[in-house]
Amino acid sequence: MEHIDVAVIGGGQSGLAATHALLRRGLRPVLLEASDRAAGSWPHYYDSLTLFSPARYSSLPGMPFPGADRDRYPHRDEVVAYLTAYADRLDAEIRTGSRVSAVRRTSDGFEVKLEGGGRLSALAVVAASGTFGHPHRPALPGLQEFTGQVLHAADYRSQTPFAGRRVVVVGAGNSAVQIAAELAEAARVTLATRRPVKFAAQRILGRDLHFWTTRTGLDAAPLGRFLTRPPTQPVLDDGRYRAALAAGQPERRPLFTGADGAKLVWPNGQREEVDAIVLATGYRPDLLYLAGLDGALDAAGNPWHREGLAAGVPGLAFVGLEWQRSLSSNSLRGVGRDAERIARRLAAHLARR
């Protein structure tokens with residue numbers, strides 16, 4: 001069996017940041033990425049997606065986001081190109097097409113099993129596989145009985161296939177509102193939510209919100225340790241989405257209460273035929289490969305950790321979890337801070353062996 005220092009699982013922004021930080025500590029990480037390139041989930045997001053933070057606040061350690069306009073909001077494809085270039089600059093071994101199926105403890109550390117039969121022996125493991133591979137599909141009333149099309153936002157790409165159709169988007173977050181507003185340009189769309197959408201101004205006193213969260217220290221404040229669950233994030237808006245909802249493009253309604261074939265039942269008793277439901281209901285940590293590792297996950301599949309260090313599994317760490325340590329833990333601008341912290345602690349752990 002091949003022996004390595006650290007196995008980093010996941011080649012997106014979290015895995016790349018972790019690899020960079022581990023290299024700085026003199027370790028030899030091997031990054032294992034399931035797809036054919038180290039760009040994480042970004043190539044698979046919907047076509048019109050842009051970052052919620054400006055380019056100046058959207059960089060991994062050691063490489064600023066390129067472009068002359070530092071205040072623009074980079075497009076999805078710009079982020080893919082940036083992550084690909086970042087991976088190319090790392091002096092590390094990156095193995096694409098390497099999907100991890102299981103991790104188990106051994107007397108020397110961990111055995112990392114790959115789909116197809118490959119195995120690695122690692123002194124430490126960093127789980128940086130993000131959430132895109134584990135879309136959350138809640139048990140909504142009537143969803144099992146609905147006979148129309150049901151898809152998650154992870155499968156949505158553009159408005160084109162939905163032109164002229166009746167569509168319901170479920171969710172109240174950034175992606176839900178953006179997808180619903182985009183679809184409303186070509187279809188009849190309802191945004192169905194349990195409660196009214198909460199907005200936060202994208203710009204305050206002429207500055208992007210991230211200027212203020214960075215300047216005040218809120219962006220990096222270690223608040224994650226005090227949260228039992230991630231709080232609901234408001235929709236960042238420069239005014240366009242609030243105006244779109246006010247104009248009924250899309251309209252907002254309370255969540256449907258059931259379904260009868262292709263018809264949804266609304267709280268007022270109305271039954272309406274609907275062509276498609278888009279579930280913009282978020283994601284959960286994609287950590288199935290840790291399911292057999294005692295002490296790594298709770299009953300719901302969420303990691304047991306303290307600011308990224310596994311609570312009951314020495315040598316196991318996480319990077320890129322929502323609110324792992326701070327507001328920005330799962331973002332381009334903040335994941336590097338957590339990665340550096342984790343790398344420092346893993347290096348100390350390995351030095352004590």
Side-chain angles (χ1 to χ4, degrees), residues 41-42 44-53 73 75-76 79 130-143 146 148-163 165-202 209 229-259 264-267 272 274-286 322-323 327 330-331:
S41 56
W42 282 97
H44 309 291
Y45 286 129
Y46 52 95
D47 295 348
S48 62
L49 179 67
T50 59
L51 280 175
F52 302 128
S53 56
Y73 299 93
H75 182 264
R76 175 202 65 186
V79 180
T131 62
F132 190 81
H134 191 189
H136 178 51
R137 300 174 183 268
L140 301 178
L143 194 63
F146 180 67
Q149 180 184 9
V150 179
L151 69 156
H152 193 273
D155 304 309
Y156 173 80
R157 293 296 176 270
S158 74
Q159 62 181 232
T160 303
F162 302 92
R165 302 174 71 192
R166 180 71 176 100
V167 183
V168 173
V169 178
V170 178
N174 281 286
S175 293
V177 172
Q178 288 189 3
I179 289 172
E182 178 176 275
L183 283 170
E185 299 172 357
R188 294 186 299 118
V189 181
T190 293
L191 180 67
T193 69
R194 297 187 186 278
R195 54 190 62 88
V197 178
K198 294 183 179 180
F199 291 96
Q202 182 79 61
L209 177 65
R229 65 175 60 185
T232 301
Q233 298 292 325
V235 176
L236 295 182
D237 185 26
D238 59 6
R240 77 182 82 173
Y241 297 119
R242 190 189 298 267
L245 283 172
Q249 297 292 323
E251 66 166 352
R252 192 200 75 83
R253 295 189 194 181
L255 190 66
F256 47 83
T257 58
L264 291 184
V265 182
W266 297 103
E272 181 184 19
V274 170
D275 296 306
I277 297 175
V278 180
L279 301 174
T281 46
Y283 302 83
R284 297 294 183 267
D286 187 13
E322 187 177 9
W323 283 97
L327 168 66
N330 67 335
S331 70

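The first residue in the sequence is number 1, and the count goes up from there.
Within the 4.5 Å cutoff, the side chain of V235 has heavy atoms near those of the V177 side chain. Inter-residue side-chain proximity for Q233 and F52 is flagged as unmet; no heavy-atom pair is nearer than 4.5 Å. Put simply, the side chain of V189 does not reach to within 4.5 Å of the side chain of V168, judged on heavy atoms. Residues V150 and V278 have side chains not in contact (no heavy-atom distance under 4.5 Å, counting atoms from C-beta outward). For the pair H152/D155, a side-chain contact is recorded, criterion being any heavy-atom separation below 4.5 Å from C-beta on. Under the 4.5 Å side-chain criterion, counting only non-hydrogen atoms from C-beta, F146 is in contact with I277. In this structure, F256 and T190 have side chains that are not in contact, with every pair of non-hydrogen atoms separated by 4.5 Å or more.
Under the 6.0 Å cut-off for aromatic ring centres, Y156 and Y45 do not qualify, their centroids lying 6.0 Å or more apart. Proximity of the aromatic rings of F199 and Y241 is defined here by a centroid distance below 6.0 angstrom, and this criterion is not met.
With respect to the salt-bridge test (charged N to carboxylate O, under 4.0 angstrom), the residues R284 and E322 do not qualify. Ion pair E182/R157 not flagged as a salt bridge, since none of the NZ, NE, NH1 or NH2 atoms sits closer than 4.0 Å to an Asp/Glu carboxylate oxygen.
The closest donor-acceptor contact from the side chain of H134 to the backbone of P285 lies under 3.5 Å. For the pair N174 (side chain) and A176 (backbone), a donor-acceptor distance under 3.5 Å is absent. Using a distance-only test at 3.5 Å, with no hydrogens or angles considered, no donor-acceptor pair links the side chain of T193 to the main chain of G171. At distances below 3.5 Å, not a single donor-acceptor pair connects side-chain atoms of E272 with backbone N or O atoms of R166. Using a distance-only test at 3.5 Å, with no hydrogens or angles considered, no donor-acceptor pair links the side chain of R253 to the main chain of A192.
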